[in-house]
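Here is the structure we will look at.
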Amino acid sequence: MKTMIQNIPKAELHLHIEGTLEPDLMLELGRRNDILLPYDSIEEIEAAYDFSDLQSFLDIYYAGMKVLHTEQDYFDLTMAYLRKVKAQNVRHVEIFFDPQAHTSRGIPFSRVIGGIDRALKEAGSTMGISSGLILCFLRHLSAADAMKTLELALEYRELLIGVGLDSSESGHPPEKFTEVFARAREHGLKTVAHAGEEGPPAYIRGAIESLKVSRIDHGVRCLEDGALVRMLGAMQIPLTVCPLSNVRLRVFNQMKDHNLKQMLNAGLCVTLNSDDPAYFGGYLVENYRAAQQALDLSRQDIYQLARNSFRASFLGDKDKERLLGELDRFWEEQTD
Ligand code: ADE
Ligand code: ZN
């Protein structure tokens, strides 16, 4: 099982690139850019990663990313992530970034997207990893700020596949961003939103009905609403679940309590993802392994999760079929 999880072709669809900033790179970029960090060592950084909820994590996450300044910093951050997932046989990635957390510090949008995009293109040609980039709006900021960010981003329209919604969920319902998302859709951008991570099932409905999202990020609280589960199942709206994140942010007390298996049993299109791997103790393979062990997932469950990851991606039909074919050849070669 361990080897199968490592080797199975898979996609990652819920990954914040700023959440891949490992403590060693944080310290190095802090030195490189002369930024004073509240930490002196990797041990001190790791000790600070004891989260009680989403907000306690976000405070540390936004503070950590202040070391990112140059185009090269964004390139190095993205390349480090891509090298890690290349070694985990991740074949396709759809990456979030939070431009407002950088432009609010005076970093030009062009520099952020330029560094990330350069790394994604290099990984496409040298590592065979395909990718898409999704701009996330910070939902604790105003809709006007999000709209301003979208206008900036439209200059780089061809570098994006979609827009998303992240940051503090409670008290920030999706409807706040209806107009921004409508404008993004007018430009052919796909839409996704974090919903039902800490927030109620009504936020999942709101994201579908008002933001017209193609996927829900997290969505684990959907099981509290039977009618919603039936709708998600009937429409096969993918839910990008992040098991290690959910345990570290205390959405579930321990992995054994995670409702992933119930979601699969309910016929939902669930995918596994790592969210902010540098903060939550694992990349994609570690998420599959932790969930498999605690929930006693079968090989068929793992195959289904990998299959869902390609089905739920924003790849075009031809690329989707090619990767699903690769997955099926892998699956047929499995002996036990
Ligand atoms: N930003 C980075 N990770 C996030 C998460 N898990 N939920 C909401 N916003 C985030
Ligand atoms: Zn997330």
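The figures that follow rest on heavy atoms only: side chains count, while hydrogens, waters and symmetry mates do not. Remember, it's 1-based here, ligands and their atoms both numbered in the order they're listed.
Polar contact with ligand 1: present for D275 (N/O pair, distance under 3.5 Å). Backbone and side-chain nitrogen or oxygen atoms of D276 are examined, and one is located within less than 3.5 angstrom of a nitrogen or oxygen of ligand 1.
Residue contact check for ligand 1: H218 places a non-hydrogen atom closer than 4.0 Å to it. Ligand 1 lies nowhere less than 4.0 angstrom from a heavy atom belonging to D217. The closest approach between G19 and ligand 1 stays at or above 4.0 Å for every heavy atom of the residue.
Of the possible polar contacts, none joining the E18 side chain to the Y62 backbone as a donor-acceptor pair under 3.5 Å is found.
The contact set between ligand 1 and F57, taken as ligand atoms under 4.0 Å from a residue heavy atom, comprises 2 (C), 3 (N).
The pair D319-R322 counts as a salt bridge, with a side-chain nitrogen and a carboxylate oxygen less than 4.0 angstrom apart. Ion pairing between D50 and R250 holds under the 4.0 Å rule for side-chain N and carboxylate O. Contact check on E94 versus K190 returns no salt bridge, with no Lys/Arg side-chain nitrogen under 4.0 Å from an Asp/Glu carboxylate oxygen. Ion pairing between a basic and an acidic side chain is recognised when a charged N comes within 4.0 Å of a carboxylate O; R183 and E186 show such pairing. Salt bridge R32/D73: present, at least one basic N to carboxylate O contact under 4.0 Å.
For H194, the N, O or S atom closest to the Zn ion (ligand 2) goes by the atom name NE2. For D275, the N/O/S atom at the shortest distance from the Zn ion (ligand 2) is named OD1.
Contact annotation: H218 places no N, O or S atom under 2.8 Å from the Zn ion (ligand 2). Among the backbone and side-chain atoms of C242, none of the N, O or S atoms lies under 2.8 Å from the Zn ion (ligand 2).
Shortest contact from atom 9 (N) of ligand 1 to any protein heavy atom: S167 N, 2.8 Å. Closest to atom 4 (C) of ligand 1 among all protein heavy atoms lies H16 NE2, 3.6 Å.
With a 6.0 Å radius and a threshold of 12 heavy atoms from other residues, nucleotides or ligands, K261 has its NZ atom above the threshold.
For E197, every heavy-atom contact with ligand 1 shorter than 4.0 Å involves the side chain, none the backbone.
Aromatic rings from Y279 and H16 are positioned such that their centres are separated by 6.0 Å or more.
The aromatic rings of H258 and F252 sit tilted relative to each other, their planes meeting at an angle between 30° and 60°.
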